Amino acid sequence: MFGLETLSGSAQAAVTVGIVFLQAIALYVGYGALTRVAQPTVLDALGGE
Amino acid sequence: MTMEILGLSLLMVGVFVGFGLLIGTLFGFFGMGGSFLVTPALLVMGYPSTVAVGSGLAFVFGTSVIGALRHRDHGQVDYKLAVIMTVAMTVGIEAGKSVVFFLEATGMADLVINVAYVGLLATVGLFTLRDSWTDSSNDGDTDTDLADRVQSIHLPPMVTLRGGVRVSGTIVFAVGLVIGILSGFLGVGGGFLLMPAMMYGLGVPAAIAVGTDILQITISGAFGAFTYAQSGAVALPVVAFLLLGSALGARIGAGATNLVDEDEIKGYFAAMLLAGSLAVASNKLGTVYDIAVLNTLSTVLIFGAALLVSGAVVVAAVCRLRSDQTGRWCRLTTSQSD
């Protein structure tokens, strides 16, 4: 998966941890932007009235 | 031919993203917990124990990075405490991991890890349940007693922590070591053990405990994931889809904290821990005695419990948003409303 098999054990492990780290940052930023855009609409819809 | 993404069927992708969403909601709301359901869930789904533990640690690492980013503005970290805990937990994780791989070689890993999980989840669940029942009546006298007693032990070297707490460095190290062993052994971040241990055991103020906890989990989660990944025991696609769901869930859960009091939901949280321990137990019994219905029961329990508690959080939040305390669903989740 992801071409990781060609790397040695430690390098492969470092890349694995790095991928998780970068994904976490990307998700934080991405969902942060999404929340800013969608939050008012969602709260309106849930709020009823 | 069924469509696959990163080697997982669409159904499994949906399961992992959905489960991540539930767990993230719990994490965002309670500030901890939920992530330790990942390893049992993977065990129940038939992943080998090393992969279940390794992937659990990688997920904990990703989640804590997101948590650290969120708390970066108002996180109070005691670096002295963090360093001692990190060193102790790193040693502990290595030890715990060696035990897992040793047990795997003897063929007993699944049994021992499952039993340890049942015990741990049940214990923490019962404590939380007791806590949620006695919250209003007693103001934590026993908790301060324990911290006072620990602080009165003058085992050198003594260290002074932020908030004026003076405590034995040896005891801090020992606590970190035990939590590290459990963390490496079970694939749990240790956060739900570390935070209570720091607050109730060492008497560290809550704000400092939270900040130090997140830093600590990020570091030890990274290290734990790294050591398991060296043996190829991290299922990266599984972790990726879990994170995809949990990062969004964390936003929802964090939003709900502005609306709902944590104590209203605490009973549900305790029930979820107990259900988790039941799930692992019935899965083990089902496998040993080849009873299919027990395996189904464990799957239903683990996913049902996560769904129930995160559902309770969301329903309570929506009820507050609508100022509705009379609807059937709202009465179930906001019983202690003021």
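This is a predicted model, so every value here is computed, not measured. Each chain gets a letter, A, B and so on, in the order the sequences are listed, and its residues count up from 1.
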Item to check | side chain to side chain contact (heavy atoms under 4.5 Å, CB included) between B/Leu69 and A/Val29, intermediate numbers included | outcome: CA-CA 10 Å; B/Leu69 287 169; A/Val29 174; over 6 Å; no

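- To the nearest 0.5 Å, atoms CD1 (A/Ile19) and CG (B/Leu236) are separated by 5.0 Å.
- Using a 4.5 Å cut-off between heavy atoms, B/Leu244 contacts chain A through both its backbone and its side chain.
- The minimum heavy-atom distance between A/Leu27 and B/Ala247, with the atom names listed, is CB-CB, 3.7 Å.
- Here the closest heavy-atom approach between residue B/Ala58 and residue A/Val20 is recorded as O-CG1, 3.5 Å.
- Summarising the geometry, atom CG belonging to B/Leu248 is positioned 7.0 Å from atom CG belonging to A/Leu34; distances are rounded to the nearest 0.5 Å.
- Side-chain atoms of A/Gln12 do not come within 3.5 Å of backbone N or O of B/Ala229 as any donor-acceptor pair.
- Across B/Val65, B/Thr227, B/Thr218, B/Ile252, the residue that shares the most heavy-atom pairs under 4.5 angstrom with chain A is B/Val65.
- When all heavy atoms are compared, the tightest approach of B/Phe226 to A/Ala14 is CE1-N, 3.5 Å.
- Judged by distance alone, with hydrogens and angles left aside, the side-chain atoms of B/Arg251 form a donor-acceptor pair with the main-chain N or O of A/Tyr28 at under 3.5 Å.
- When heavy atoms are compared at a cutoff of 4.5 Å, A/Thr35 approaches chain B solely by way of its side chain, counted from C-beta outward.
- Between B/Gln230 and A/Ser10, the shortest heavy-atom distance links the atoms NE2-OG, 2.9 Å.
- Remark: B/Phe102 CZ is loosely packed, at most 12 non-hydrogen atoms of other residues, nucleotides or ligands lying under 6.0 Å away.
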